[in-house]
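Every chain is numbered from 1 and lettered A, B, ... according to where its sequence line falls, protein lines coming before strand lines.
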Amino acid sequence: SPSRSVYTNQWAVRITGGREEADKLASKYGYRNLGQIGGLENHYHFHHSKVVRRSAFATKGTHSFIHMDSKVEWAQQQVVKSRVKR
Amino acid sequence: YARNDPNFVHFNDPKWSNMWYIHCTEKNSRCRSEMNILSAWQRGYTGKNVVVTILDDGIERNHPDLAQNYDQLASYDVNGNDHDPTPRYDSSNENKHGTRCAGEVAAVANNSHCIVGIAYNARIGGIRMLDGDVTDVVEAKSLGIRPDYIDIYSASWGPDDDGKTVDGPGPLAKQAFEVGIKKGRKGLGSIFVWASGNGGRQGDHCSCDGYTNSIYTISVSSATENGNKPWYLEVCSSTLATTYSSGEFYDRKIVTTDLRQRCTDGHTGTSVSAPMVAGVIALALEANPLITWRDVQHLLVKTSSPVHLKAKDWKTNAAGYRVSHLYGFGLVDADAMVVEAKKWRSVPPQHTCTKISDRRTRYIRADQKMNTTITSTGCSGHPEQHVSYLEHVVVRVLIVHPRRGDLEINLISPSGTRSQLLAKRLFDNSNEGFRNWEFMTVHCWGERAEGQWTLEISDSPSQLRSPEVMGKLKEWTLILYGTSENPYYSNGSHHSRSRMLEIPSLGKDLKNPEPSPVSPQEEEEEEEEYNGSCNSECGDQGCDGPDADHCLNCIHFSLGNLKTGRTCVSHCPLGFFEDSSARRCRRCHRGCEKCTGRGPSECLSCRRGLFLYATESTCVESCPVGFYADDIQRQCLKCHENCMKCLRDADRCTACSEGFSLAGMTCVPECANGTFFHLEEMKCSPCHFSCSTCTGPGKEECIRCARDFLQQDWMCVPECSPGYYEGETGGFHHQMCRKCEENCLSCEGPGLTCTKCRDGYNLVSRTCIVNATCNNADEVFCEMVKSNRLCEKKLFRQFCCRTCLMAG
């Protein structure tokens, strides 16, 4: 049987306009901006404390509206990836 | 000439003799040292100034074999979001993996603990990222940590090797790889080394792993000590090279560092191989720190060798390289790597030529082969994309299929080299097909790109399937990576030129692919016939080629010597100073990074790990008294004037100058007797009248007591309290009140000298014993007590002793 996705309360979001703009958008939708993702410019790591940490479904709520915000170029709820040591 | 004599190098590390894959002590068939690591060491390459990090479940940074080479700047805890990658400890030692991998790379040599790392002077870091939920963000963060500082990232993990998974980096991790190779190492490109996978027993194929399949990773496979295929080995066309690792139960495994400061001789799998290659690359980077991420792959292709590795599919491609789906180009050869790296000139820029098939759906019929072709010119009409000499070849496919595991895909190059892009996978029942999945092959490396490329897809149902549901190839794209010029004999990129110092390899010729694109004789002729324009750095005497190292004299400075080859430069690099009169870059004294002359006292800045002592313009390992080592400025900076010694900051004092005394980590003026330095008021204030010297105004803050006062516990008192006696103590000349024996209310001195007991105790023989009588202490009983000397035992003294003593 295919393995089912596990959704987390973490998001990756691409926003131009710098850290301040990212902070504003995070706060608007109830997220906390944990900062830029590594060396990827305009990509930020968002966390939503009111979304369950691990879930079999991508839960919907006001936080989901971030995907529709015109200032957000791309957003993706993070899914747990199965990784094995070799 | 480096001796390949095991006795020539010896380490006192207890597991050194078990490191069969580095040296051999037995002269028989079990003697395996074809990775030639010892020879690379004998040439002096040990990984100095190279930074390697292990992406895994953490590394035990205080392990005795790792602590000395541990580099905090190359480490991070992505799971815990801090800078400490120490693994989480549990009863099953689940998180031992990263520590094991780290030891292989950079365990300290000759410290009598465990083993010797392949790059035992390299710096080693750990990125803890596997001990928690792994997401695309976690991977992207981990792959992008300090790309300008970390040279090599080693990863021994990946998607499930269960023979049914098709998975790879998400969009963020893909970008992190791209950013790493474009910007990492100040533009030379981060080096990502990956374990090819352990799914051999499940019939897995490493082309279904997007990490090992990526052109940005160096995918490494394993071979047993006898050159056999290990049970866990996965085959695929993206594997570049191989190292030794474990095999069957009777084959030897790998010794390395283990969790809880231990050593193990049981490290196994392809996890072993990625750090081994990371260590070998570290040696090569020490030999030539300027090689790019693609140079490293070229070096591995050129120097890895089939030796005794057994496989039925070894073939020679049209560029003369021997290559296999099991082992890539073969066993890595550390010695050949450093020799080649030392004289390596960067290959020309990477070009990409892409061609998409027409959008006609092609049906894949069961039990039949479906062939489709793309004819490529190698984008010869587009200079920026023109690929003539191949490196990686990628095939992107959009396939719809009812059972993915029944598919086998091959690619045949214009020269006839067949790469198996996918083999059948017994356990893969997925009906998802391949949605723009990219397969990669390195088997055409060095071949010419132009011509007809054939994609061959077979569908062999392993289970009963509806014949009406057929697979479809909806689209495929051929992506050719490589160079427009011959990478080794291109305009200005002369490898192994006669003016370079050749160090003979140890009884083994470096691979010389046939047919050789340009023979040495042709090269000579090419040099003699050179009539083009000289490099802008060349002086008035002209040149014998187009590059700065072809100049006969220089307008600014000449760098190098006759042995290593000379080149003209506008400014001298770090480690050299500009001798304007001789127009030469001359080497600074060892340890100096910038200098004004050759002498040890002419340094302006120092190499990493050393500090500039500006007063004497020298580079020192530790700063003299009165100075501290500033890690950021890499200089010895002066401690605060009140400090005699300080630590990390000018005002974090550990000892004070004369006239000052230490208050915490601050040196404050010493005050006269009877006063102390009040930090808030910044003046000397009086002590309590009972103190002669003190740390504060309170009566419990005395250091020494005033005259006529005695020290009792933490206070100074005019006379000893009940239960204390007056006396001097060893080392202290002032009088002190010391506590009487237990239960004594007053005493004459130490020991059994009580004169008065507290309530509930009676004085018996100058000892206080509990006030209780013993009603059955007759003569016989007391004799027994006396003969057994029970009253000498504290436990019994409280019972009948008093009665017996009173009875005589």
**OP:** Can you tell which part of B/Glu139 gets under 4.5 Å to a heavy atom of chain A, answering side chain, backbone, both or neither?
**Re:** side chain
Original post:
For B/Leu130, is it the side chain, the backbone, both or neither that has a heavy atom under 4.5 Å from a heavy atom of chain A?
Top reply: side chain
Subject >> The single option from B/Trp293, B/Tyr211, B/Phe177 passing ring pair (Phe, Tyr, Trp, His ring centres under 6.0 Å) against B/Phe192 >> reply: B/Phe177
Original post:
Taking every heavy-atom pair that is under 4.5 Å apart, which of B/Gly158, B/Ser156, B/Ala155, B/Gly98 has the most such pairs with chain A?
Top reply: B/Gly158
Subject >> Options B/Val138, B/Thr268, B/Asp136, ranked by heavy-atom pairs under 4.5 Å with chain A, top entry >> reply: B/Asp136
Original post:
What part of B/Thr165 gets closer than 4.5 Å to chain A, counting heavy atoms only: side chain, backbone, both or neither?
Top reply: neither
Original post:
Looking at B/Val272, B/Ile145, B/Asp160, which one has more heavy-atom pairs under 4.5 Å with chain A than the rest?
Top reply: B/Asp160
**OP:** Tell me, for B/Val137 versus chain A, whether the close heavy atoms (under 4.5 Å) come from the side chain, the backbone, both or neither.
**Re:** both
Original post:
Under a 4.5 Å heavy-atom cut-off, does chain B meet the side chain of A/Ser82, its backbone, both or neither?
Top reply: both
Original post:
Measuring heavy-atom distances to chain A, does B/Pro147 have an atom under 4.5 Å in its side chain, in its backbone, in both, or in neither?
Top reply: neither
Original post:
Using 4.0 Å as the upper bound for N to carboxylate O, is an ion pair formed by B/Lys96 and B/Asp258?
Top reply: no
Original post:
Side chains of B/His97 and B/Asp57: donor-acceptor distance under 3.5 Å anywhere?
Top reply: no
Original post:
Do B/Cys101 and B/His267 have side chains that get closer than 4.5 Å, going by heavy atoms?
Top reply: yes
Original post:
Hey, is A/Arg83 close enough to B/Asp167 for a salt bridge, meaning N to O under 4.0 Å?
Top reply: yes
**OP:** For B/Arg88, look at atom CZ and say whether over 12 heavy atoms of other residues, nucleotides or ligands are found less than 6.0 Å away.
**Re:** yes
Original post:
So with a 6.0 Å cut-off around CD of A/Glu20, is the heavy-atom count from everything else above 12?
Top reply: no
Subject >> Residue part contacting chain A, namely of B/Asp162, when any heavy atom lies under 4.5 Å >> reply: neither
Subject >> Atom CZ of A/Arg32: over 12 foreign heavy atoms under 6.0 Å >> reply: no
Original post:
So does A/Glu41 have more than 12 non-hydrogen atoms from other groups sitting under 6.0 Å from CD?
Top reply: no
Original post:
Given that the side chain runs from C-beta out, which part of B/Ser196 has a heavy atom under 4.5 Å from chain A: side chain, backbone, both or neither?
Top reply: backbone
**OP:** Against chain B, label A/Val79 side chain, backbone, both or neither, depending on which of its atoms sit under 4.5 Å from a heavy atom there.
**Re:** backbone
**OP:** Let me know if B/Asn429 has heavy atoms under 4.5 Å from chain A in its side chain, its backbone, both or neither.
**Re:** neither
Subject >> B/Tyr76 portion near chain A, given a 4.5 angstrom heavy-atom threshold >> reply: neither
